[in-house]
Amino acid sequence: MINITLKQLRYFEALTRHGHFGRAADACAISQPALSIQIKELEETLGVVLFERSARHVRLTGFGQDFAERAREILRSVDELGDLARVAQDRMVGRLRIGVIPTVAPYLLPTLIQRLNARHDGLDVHIRETLTQRLITELLEGRLDTAIVALPVSESGLVETALFEEKFVLVRQASDAGAPVPSPEGMREMKLLLLEEGHCFRDQALSFCSLRPALPRDGLDGSSLSTLVQMVGAGIGVTIIPEMAVAVETRSAPVSLARFPGDEPGRTIGMVWRKTSPLAPQLQDIAEVVREAAEALARRNRDVLPL
């Protein structure tokens, strides 16, 4: 009988994810030699090498890749056993790992965390802010309990729950206030500042302007909406931001805001979680708190949004 411990599987998963013994050890809060010993013992127990080791990196062997898939399934199942115990307590307690996309996190989280703490006093909220595809991967691998993203994500293993809709707003130089709002076709002739590749909001803005992502553009790709708005204020082009970002991002930049006429561009924000998650009933309750937080944020933003 092969005796593999859960500790070894968690260390193995960390090393697989980080590809470096030092970073994996830090993630597991142990020393690098201790991690190395556990991985070595795991390989000796299996009788197979799991990693190719070099001076700077470690890579999974062919068997290691197959083993990694099964290890993730096992760890996810173990975590879900803990979730079952939490469900039996009839209230949401313990750790809740929430992923949030960058074009939502800075604006929604302050209100959301405040409301979650007030509603669920036994909840220990852990936030992970990153791009949609990474959130989906981490959710499927069991490293997150749920994620707040733009829908749809169209992933068969996940449940999608729509929470609210929001429109996009045009940001221009302050001197352009009152000028006619360009059509989507007109936007293609302007220096349109967008988030860098990987952000779903970038793709949504490109889609509205009927621009293909592969085409080279004379503009700026930024890592945050804040950078884009500040660049507009400095006289470099125009940009598009979601409504929830308006109050925060435009308060210190000399810019003007305008709504698009006719069928305004926008997005649907929702929550996703694994179909197998025992926390599903509790996550539905969390989704209601997210919706309430978004409504409160929208009310505060109305004073600065253009009519």
Side-chain angles (χ1 to χ4, degrees), residues 98-117 125 127-132 148-150 163-182 186-187 189-206 208-209 211 217-261 264-267 269 290 292-307:
I98 304 177
V100 192
I101 56 176
T103 55
V104 169
Y107 320 112
L108 182 63
L109 283 180
T111 303
L112 175 60
I113 297 301
Q114 184 181 49
R115 287 173 176 261
L116 285 175
N117 289 338
V125 179
I127 298 296
R128 164 75 162 140
E129 179 189 349
T130 190
L131 303 180
T132 300
I148 301 172
V149 297
L163 299 178
F164 60 93
E165 307 279 338
E166 68 168 344
K167 302 301 183 181
F168 299 160
V169 179
L170 176 64
V171 183
R172 302 182 288 185
Q173 298 176 46
S175 59
D176 289 334
V181 177
M187 294 285 291
E189 305 302 321
M190 306 177 76
K191 183 177 286 187
L192 179 61
L193 312 183
L194 297 175
L195 292 173
E196 60 192 358
E197 290 187 8
H199 289 268
C200 58
F201 187 75
R202 170 193 175 91
D203 297 334
Q204 292 158 353
L206 287 171
F208 169 66
C209 298
L211 287 169
R217 298 183 312 103
D218 180 21
L220 168 76
D221 290 345
S223 61
S224 70
L225 294 177
S226 178
T227 298
L228 299 183
V229 173
Q230 291 298 324
M231 291 301 97
V232 171
I236 306 175
V238 301
T239 193
I240 299 172
I241 64 174
E243 284 181 337
M244 70 167 61
V246 166
V248 171
E249 301 302 354
T250 64
R251 62 190 174 191
S252 62
V255 296
S256 62
L257 304 172
R259 289 194 178 277
F260 291 96
E264 295 180 83
R267 63 179 179 176
I269 299 298
V290 176
E292 293 170 6
E295 290 174 352
L297 179 61
R299 287 194 296 270
R300 291 200 297 271
N301 272 335
R302 284 184 189 130
D303 292 338
V304 294
L305 282 168
L307 297 176

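Quick caveat: nothing in here was measured; it's all calculated off a predicted structure.
- Remark: Glu243 does not engage Arg267 in a salt bridge, criterion side-chain N to carboxylate O under 4.0 Å.
- Closest non-hydrogen pair, Pro242 versus Leu225, comes out as CD-CD1, 3.7 Å.
- The distance from the CD atom of Glu292 to the CZ atom of Arg115 is 6.0 Å, given to the nearest 0.5 Å.
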**OP:** Test side chain to side chain contact (heavy atoms under 4.5 Å, CB included) on Val125 and Ile113 and set out the steps.
**Re:** CA-CA 8 Å; Val125 179; Ile113 297 301; 3.8 Å; yes
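- Note that CG of Leu228 and CG of Leu195 are 5.0 Å apart. Values are rounded to the nearest 0.5 Å.
- By the side chain to side chain contact (heavy atoms under 4.5 Å, CB included) test, Glu165 pairs with Thr268, sequence neighbours left out.
- Shown here for Arg172 and Gly178, the closest heavy-atom pair between the two residues is NH2-N, 4.4 Å.
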**OP:** Show your reasoning for whether side chain to side chain contact (heavy atoms under 4.5 Å, CB included) applies to Met187 and Ile240.
**Re:** CA-CA 10 Å; Met187 294 285 291; Ile240 299 172; 3.8 Å; yes
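- In this structure, the separation between OG1 on Thr111 and CG on Leu116 is 11.0 Å, given to the nearest 0.5 Å.
- Nearest heavy-atom pair, Pro110 versus Pro106, reported as atom, atom and distance to 0.1 Å: CD-O, 3.6 Å.
- For the atom pair Arg202 CZ and Thr103 OG1, the distance stands at 13.5 Å (nearest 0.5 Å).
- Going from atom CD of Glu197 over to atom CG of Leu131 covers 11.5 Å, rounded to the nearest 0.5 Å.
- Residues Gln204 and Pro265 are not in side-chain contact: their nearest non-hydrogen atoms beyond the backbone lie 4.5 Å or more apart.
- Rounding to the nearest 0.5 Å places CE of Met244 at 8.5 Å from CG of Asn301.
- In this structure, Val149 and Ile269 have side chains that are not in contact, with every pair of non-hydrogen atoms separated by 4.5 Å or more.
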Subject >> Verdict with reasoning, Glu249 to Val171, per side chain to side chain contact (heavy atoms under 4.5 Å, CB included) >> reply: CA-CA 10 Å; Glu249 301 302 354; Val171 183; over 6 Å; no
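- Not counting sequence neighbours, the partners of Ser223 by the side chain to side chain contact (heavy atoms under 4.5 Å, CB included) test are Glu196.
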Quick one: side chains of residues 250-257, donor-acceptor pairs under 3.5 Å with protein atoms, not counting sequence neighbours, listed by atom name and distance.
unit_1 : atom_1 : unit_2 : atom_2 : d
Thr250 : OG1    : Val246 : O      : 2.6
Arg251 : NE     : Val248 : O      : 3.4
Ser252 : OG     : Gln230 : NE2    : 3.4
Ser256 : OG     : Gln173 : O      : 2.9

Original post:
So Leu193 and Val232, side chain to side chain contact (heavy atoms under 4.5 Å, CB included) or not? Walk me through it.
Top reply: CA-CA 8 Å; Leu193 312 183; Val232 171; 3.9 Å; yes
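- By the neighbour-count criterion of 12 heavy atoms within 6.0 Å, atom CD of Gln114 is sparsely surrounded, having that number or fewer from other residues, nucleotides or ligands.
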